[in-house]
Amino acid sequence: MIYKNNFHAETQLKLSPFFERTSKLNESQEWRRWSGYLSATNYELSHENEYFAIRTKAALLDISPLYKYIIEGPDTQKYLHRLVTRNINICKIGQVMYTPWCDEDGKVIDDGTVQRLSENTFRITSAEPNLEWLQYNAMGLNLKIKDDSKNTAALALQGPNSRKILNTVAKDSLDQLKFFWMINTNIKDCPVSISRTGYTGDLGYEIWIDPKDALTVWDILLEKGKSYGITPTGLHALDISRIEAGLILLDVDYISSRHAIIESRKSSPYELGLGWAVKMNKKNFIGKKALEKELARGPEWEFIGIEIEWDQLEKLYREAGLAPGLPSTAWRTSTPLYYNNQQVGYATSGAWSPILKKYIALGHLKSNFAMNGTILDFEVKIEHFRKLTKAKVVKTPFFDPKRKRSCPK
Amino acid sequence: MKHYDVIVIGSGINSLSSAALLGKAGKSVLVLEARNNIGGMASTIEFLPGYKCNIINDTIKWINPKLLQELHITSADLQIIKPEITHIALGENSKHIYFHRDVKKTANSIKNLSEKDANNWEDFTLYIKKSTEFLERLYQNTPPKLPNINVLEALSMKNMLNPIIKHGTRGIVDLLRTTPMMMLEMMDEWFENDLLRGTLSSIGVHHSSLGPFSASTGYNFLHQHLYSNGIIHHNTFIKGGTFKFAKLLKTIAESYNVEFKINTKVKSIKLDNEFCKGVILENNDEINSSIIVSGVDPKNTFINLVGIPNLNPNFHTQVRNIKYRGSIARMHFLLKKLPKIHNIPIANMDTMFSICPNIEYLERASDSMKYGCLADEPSISFCFPTIINPDFSSDEKHILSSTIQYAPYYLRNQQWGSETNEVLKQTVIKTLENYIPGFNKLIESCTIYSPKDLEKEFGISEGNLNHGEMTLDQFMFMRPTINTAQYKTPFNNLYLCGPGTHPGGGLHGTNALNSVKEILKN
């Protein structure tokens, strides 16, 4: 074969279709790199207000950097049913399913949502590029896979007021739109689809938009949402709320099996608390055989939530002559968890939850210790010295308001 | 609809052997063949009205003696012609080398070219014989499943003890040296004469895409000499053509009530959650069976019949990575009369000939493989089937059947077609003309099978006659893939028996013997 140079390098970070607006609103000018895009970490100097917008008002997040794939063709349902662990055969048009997908050894490659747009058209979102894996497993099937990442702009509108705002701008009412369902509607003559999904564990929606309509939709949302307290929100606030919601993050809480350089870095869905999303009654899906075996012997690890107890933490700081120090933003450093002086796990992300007034974290724990109520020792560094402080295994989500799933009467 | 114990897909030597052996074991067996006759690569056909030839294989290098024994085949059933002169390597200025069944006579023939080589000859034959004795044993075994070999598998390899004891550590070392070796190095160790080095190297690259400067051609050299008792260039013919062997196997199978259906192409294998239930034919008829044995190559079996959507990703990758790389073309010339070869008496023309004057010539020919073009000076082996089987011609006309190496399946910037066939034909005529003066004028017609034609006609991927290259990375427990080397597949009740499995290509039936052993175990 003659070598063709198909390689294109992007020498600069990509700009989202909303950058025209977000760049001007971002007072702090703090940005993080997300999938090659410039993405605001916090619009104000501190993310606190944005966090409370998620929990008490409405937060508007630019989530365009998500990877999005459109899969279309007569074999799509059959294909996705085999690719992911959830049962796609029961996914109705307009329904959305959160699911992980695994390699043949039952180790998670990525997780995201599968949206059924029509009988034979699905959209799948992911944290990392997945086109190669998607295409490789589609060989011989009658379907087309399109990397739609650049062709669809996306916003997340999250918070208790999000429905009210959308009801004022969208052509159709969202009152009856159930959790993990979506509708096609218009916002100011721009066709959009709105799914009742999100990454905050609150009432919230994600809006899928043609990039050319991006600014129109942004503007009307900010205008009409003003009286509801709509707040452009960055990744810092999102990170705290997703920990409160007990939602995992690729490359932080787990490593894709496609990148793990050693076996022990890979995780099965059972080890990530996603056992509920693995449907063993399916005839076959990629990784099923391995997962059957794992289920039979029991997973080695479990994914758990912990609460770091206040009294002892305060005492340790007092001994150092300090007021209790708490993380102002979410952290993502692997932190050891001990039981009887023996390391039995590690926390992968944690934050002070402003709404719960608790120091919480997510982590991996050897299965024998992963019962709710188990008291562990959590490693903290106080004034350069490593100390142990008590932490309790609790069930996640830490924060789970009724409004997340309910519809108005 | 009748339910069979076993459906065998394909009817080459291994498929027929499997059918016969399974029939003998009391199974109800149905053989499905897509072509209009059985035989596969052992086909002998009337390629022109009144003239017959072996389409692919003129000679049989070896047949597994155990197969003949199990199916009670005697020399009366299968008449094997063993010419005293097994091969003639054509040399320049009429200085040819005659390979005899008698090692001393061969040495004598070599003596005209090199006294030193003649002195080495007998030692060389013993050295090759020694190494092939290991392979003969190894080929009887189902390869172990790696990486965790269990005790039973280890015990099943105990038959290797015999040659190990007989030849000692030195024998093992020689085997381990020879198999990964390139023919060039092997020749450097033994011989100096160009013609001898060339003609021996052509065995190492037999039906392969590799050139003699490529590693593991030494292994292919050994593979061609199993059960040859140290006779190098071990060519035997079958009275009536290679098809007679296939026909005999069919007759034996039928005596065990095996049924045959020709002109019946399988479209797909019916799967229910990794269990094979039967086959679906091209006319959408379904035939059910408890077991399916596939004699077609791994690509056809898994990609085309099982279907990619049913392959798990790792296995799919393994199947896609099997190297085929068809590299030879076949050409049959109908000649007005028997030609005269430089300095070869007519009495000696009932054998195989080769044109490969030196090892560099062969390596240059193999360059065409790398660059996707036709070799300007190909290595050619040929014979006159009408001399070996006089009834192949209805009159005084004769046939010359030739194998041309190298003719790559993938051509660069062009496609196989009448144009390329014509170029290839002219190259072959020009080459033959050097040894058979006036050859061009004798040609009445010519039939060409390019690798593309072989693929189309016989369904062999990329026209590879071994159902996958015979290289060390596709050897034993890695043939056809590391997950399917035990004749079993990831699909319950689906087995492989073709040359794509251990121990590889040839009309020897060993693959079938081992495969049936595994099938009957379960």
Side-chain angles (χ1 to χ4, degrees), chain A residues 1-4 71 73-85 87-89 100-110 120 130-145 256-258 260 263 266 279-293, chain B residues 145 147-148 209 267-277 280 298-325 369-373 408-415 461-462 481-484 488-494:
Chain A
M1 212 174 65
I2 297 161
Y3 174 69
K4 263 201 254 170
I71 306 167
D75 287 340
T76 307
Q77 177 182 315
K78 184 171 110 183
Y79 161 73
L80 285 174
H81 192 65
R82 186 167 170 272
L83 186 84
V84 305
T85 59
N87 184 354
I88 298 301
N89 286 347
W101 50 96
C102 301
D103 63 15
E104 208 175 320
D105 303 322
K107 303 296 184 185
V108 179
I109 291 173
D110 204 333
N120 291 327
N130 271 272
L131 191 61
E132 192 212 356
W133 181 252
L134 294 177
Q135 280 179 338
Y136 193 78
N137 289 290
M139 277 185 210
L141 289 171
N142 187 1
L143 57 85
K144 278 202 175 106
I145 301 172
S256 168
S257 71
R258 304 266 278 168
E263 275 307 303
K266 301 176 181 176
K279 303 302 177 191
M280 273 303 173
N281 53 359
K282 280 166 63 168
K283 261 192 183 172
N284 191 17
F285 62 86
I286 298 171
K288 185 184 177 193
K289 270 189 192 159
L291 290 174
E292 260 169 357
K293 277 186 203 157
Chain B
K145 197 165 177 70
N148 306 311
S209 74
K267 190 169 78 178
S268 61
I269 290 172
K270 239 181 356 172
L271 273 176
D272 182 20
N273 203 15
E274 306 200 331
F275 276 86
C276 294
K277 300 279 181 188
I280 300 170
K299 185 178 171 193
N300 276 307
T301 306
F302 297 115
I303 306 275
N304 298 339
L305 298 184
V306 170
I308 298 171
N310 293 311
L311 307 180
N312 276 329
N314 291 352
F315 184 60
H316 180 199
T317 307
Q318 289 176 10
V319 173
R320 279 164 57 87
N321 286 349
I322 298 171
K323 292 177 291 185
Y324 291 91
R325 303 180 182 170
M369 227 27 232
K370 297 178 222 164
Y371 304 118
C373 53
Y409 176 83
Y410 289 110
L411 290 174
R412 191 178 200 179
N413 299 332
Q414 57 181 337
Q415 299 293 323
S461 298
E462 299 184 16
T481 76
I482 202 149
N483 283 356
T484 46
K488 290 181 204 130
T489 68
F491 305 95
N492 291 299
N493 314 333
L494 175 62

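Residue numbers start from 1 in every chain, and the chains themselves are labelled A, B, ... in the order their sequence lines are given, proteins ahead of strands.
Rounding to the nearest 0.5 angstrom, the gap separating the CG atom in A/L141 from the CD1 atom in B/I308 is 8.0 Å. For the atom pair A/K282 NZ and B/N273 CG, the distance stands at 12.0 Å (nearest 0.5 Å). Between the CG atom in B/N312 and the CG atom in A/N284 there is a gap of 6.0 Å [rounded to 0.5 Å]. Rounded to the nearest 0.5 Å, atoms OG1 (B/T317) and CD (A/E104) are 8.5 Å apart. The NZ atom of A/K283 sits 10.5 Å away from the CG atom of B/L271 when rounded to the nearest 0.5 Å.
For B/D272, the part lying under 4.5 angstrom from a heavy atom of chain A is the side chain only. Contact of B/L311 with chain A is made through the backbone alone, with heavy-atom distances under 4.5 Å. Looking at B/Y410, there are no atoms closer than 4.5 Å to chain A (heavy atoms on both sides), in backbone or side chain.
Counting heavy atoms of neighbouring residues, nucleotides and ligands inside a 6.0 Å radius, atom CZ of B/R325 does not exceed 12 of them. Heavy atoms of other residues, nucleotides or ligands lying less than 6.0 angstrom from NZ of B/K323 number more than 12.
Between A/Y136 and B/P313, the shortest heavy-atom contact is CE2-O, 3.9 Å. Across A/G140 and B/P309, no two heavy atoms sit closer than the pair O-CG, 4.0 Å.
The residues A/K289 and B/E274 are annotated as salt-bridged, a charged nitrogen and a carboxylate oxygen being separated by less than 4.0 angstrom.
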